[in-house]
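In what follows, a single structure is set out as structure tokens and then discussed.
Note that these values count all heavy atoms, side chains included, but never hydrogens, waters or copies made by symmetry. A, B, ... follow the sequence lines: proteins, then strands. Residue 1 opens every chain.
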There are 2 protein chains.
Amino acid sequence: MAKHDSLLDLLFTALGDPTRRAILTRLAQGEASVTELAAAHDMALPSFMKHLRKLEQARLITTNKAGRIRSCALSANAFAPIETWLDAQRALWTDRLDRHDDYLRNLHRRRQDEAEPEN
Amino acid sequence: MAKHDSLLDLLFTALGDPTRRAILTRLAQGEASVTELAAAHDMALPSFMKHLRKLEQARLITTNKAGRIRSCALSANAFAPIETWLDAQRALWTDRLDRHDDYLRNLHRRRQDEAEPEN
DNA sequence: CCATAACTTAGCCATATGGCTAAGCATGAT
DNA sequence: ATCATGCTTAGCCATATGGCTAAGTTATGG
């Protein structure tokens, strides 16, 4: 990914990895420290931390270091931009179907007009 | 991405690129051929085709070749697995908040019991 | 039938991703 | 004061990604 990815880019690519989705699912239950989270994943800590950093960059999680422990939590409304985008897509799609329906209705009416001319 | 990515992996990573999201937005308006779609993107055709292939692998679009023209269309319910996953996450999150509320309520009741013993 | 249009294949390149190890650096426990 | 814990940094490696050009292939239009 380039330097200036949009938040949507960051969000979707962050979610495109099973390790990262698992972290989010775990965090939905409540906060956890880095090592607590890492315990579930057979992976060296530095590798794991990279995933956490991506989640943080995508603003899906927030982290906070107290002493030597970094605590991670799910961001509130983490998925909002995604839902907004999905809603917009759905809106376009249904608009188009509506317009197609109109087209078919008009076509039908025109055919009827031809069959029974209105004079 | 490895050879055996889950559909969710394919879906999310397919959506993690602005070119590909733009293609989907365009296709929400209706079918289009490869060159029609490519016209909007300053990119060589083979590069563009790679994006289409990823969208197809993620089952976000379907394509169909008639003569020398390949027509592309949005898949129906393309986003369903994503919505399902998001719903599940939301469910976990709200469950957890509910349980937290209960905990606070119980805590409060216990404190009141201590303040006003029930004999 | 021949040229052009619309892909398609092959292969190259730079950068990004996702993993690792080894070593460093605070902080908390003893 | 010292040692273990909990990250953190640095750097290496293999593969994946996203772009390109050049050279096919397969219809169609004239």
Say you draw a straight line from CG of B:Leu60 to SG of B:Cys72; how long is it, rounded to the nearest 0.5 Å? 12.5 Å
Would one find a side-chain N or O of B:Lys54 under 4.0 angstrom from OP1 or OP2 of D:dG18? yes
By the 4.0 Å heavy-atom rule, please label A:Leu45 as base, sugar-phosphate, or nothing. base
Return the angle between end axes of the helix from C:dC1-D:dG30 to C:dT30-D:dA1, with five pairs used per end and rounding to 10°. 20°
Sorted by number, the residues of residues 31-39 of chain B with heavy-atom contact under 4.0 Å to DNA chain D: none
Taking CZ from A:Phe12 and C1' from C:dA16, how many angstroms apart are they, rounded to a whole number? 20 Å
Check this one for me: any side-chain N or O of A:Arg53 less than 4.0 Å away from OP1 or OP2 of D:dT8? no
Which atom pairs, donor and acceptor, lie under 3.5 Å between side-chain atoms of residues 77-84 of chain B and protein residues at least two apart or in another chain?
residue : atom : partner : partner atom : Å
B:Glu83 : OE2  : A:Arg90 : NH1          : 2.4
B:Thr84 : OG1  : B:Ala80 : O            : 2.9

Distance in angstrom units between B:Phe48 CZ and D:dT17 C1', rounded: 17 Å
Tell me whether the side-chain N/O atoms of A:Ser47 come closer than 4.0 Å to OP1 or OP2 in C:dC20. yes
Going through the distances and angles, do B:Leu11 and B:Arg59 end up as a side chain to side chain contact (heavy atoms under 4.5 Å, CB included)? CA-CA 8 Å; B:Leu11 280 169; B:Arg59 299 171 205 258; 5.9 Å; no
Does A:Lys50 make a side-chain N or O approach to OP1 or OP2 of D:dT8 shorter than 4.0 Å? no
Atom-to-atom span, CG of B:Leu52 to P of D:dG19 - whole angstrom: 12 Å
Return yes if some donor-acceptor pair links the side-chain N/O of A:Arg20 with the main-chain N/O of A:Leu15 below 3.5 Å, else return no. no
Side-chain N or O of A:His51 versus OP1/OP2 of C:dG19: is the shortest distance under 4.0 Å? yes
Nearest-angstrom distance from the residue atom CD1 of B:Ile69 to P of C:dT8: 11 Å
My understanding is that only residues two or more places apart in sequence, or in another chain, count here; which of them pass side chain to side chain contact (heavy atoms under 4.5 Å, CB included) with A:Ala44? A:Pro46, A:Ser47
How many whole angstroms separate atom CE of A:Met43 from atom C1' of C:dG18? 8 Å
What distance do B:Leu55 atom CG and B:Lys50 atom NZ have between them, rounded to the nearest 0.5 Å? 14.5 Å
Search all heavy atoms of A:Thr25 against all heavy atoms of B:Trp85 and return the closest pair with its distance. OG1-CZ2, 4.4 Å
Rounded to the nearest 0.5 Å, how far does CG of B:Leu37 lie from OG1 of B:Thr19? 12.0 Å
D:dT17 C1' sits how many Å from B:Leu55 CG, rounded? 14 Å
Between A:Leu92 and B:Ala28, the two heavy atoms sitting closest are CB-CB, 3.7 Å
Of the listed nucleotides D:dT9, D:dG6, C:dG18, the one nearest the side chain of A:Pro46: D:dT9
Stepwise, does the side chain to side chain contact (heavy atoms under 4.5 Å, CB included) test hold for A:His51 with A:His41? CA-CA 11 Å; A:His51 289 297; A:His41 302 273; over 6 Å; no
Applying side chain to side chain contact (heavy atoms under 4.5 Å, CB included) to A:Lys54 and A:Thr13, what does each step give before you reach the verdict? CA-CA 9 Å; A:Lys54 291 221 164 172; A:Thr13 63; over 6 Å; no
Those residues at least two apart in sequence (or on a different chain) that pass side chain to side chain contact (heavy atoms under 4.5 Å, CB included) with A:Arg70 are A:Val34, A:Thr63, A:Lys65
Report the distance from atom CD of B:Glu56 to atom P of C:dC7, rounded to the nearest whole Å. 13 Å
Between B:Met49 (CE) and D:dT17 (P), how many Å, whole number? 17 Å
Pairwise N/O distances under 3.5 Å, protein to nucleotides 25-29 of chain C:
residue : atom : partner : partner atom : Å
C:dT27  : O2   : A:Arg68 : NH1          : 3.2
C:dG28  : O4'  : A:Arg68 : NE           : 3.4
C:dG28  : O4'  : A:Arg68 : NH2          : 3.1

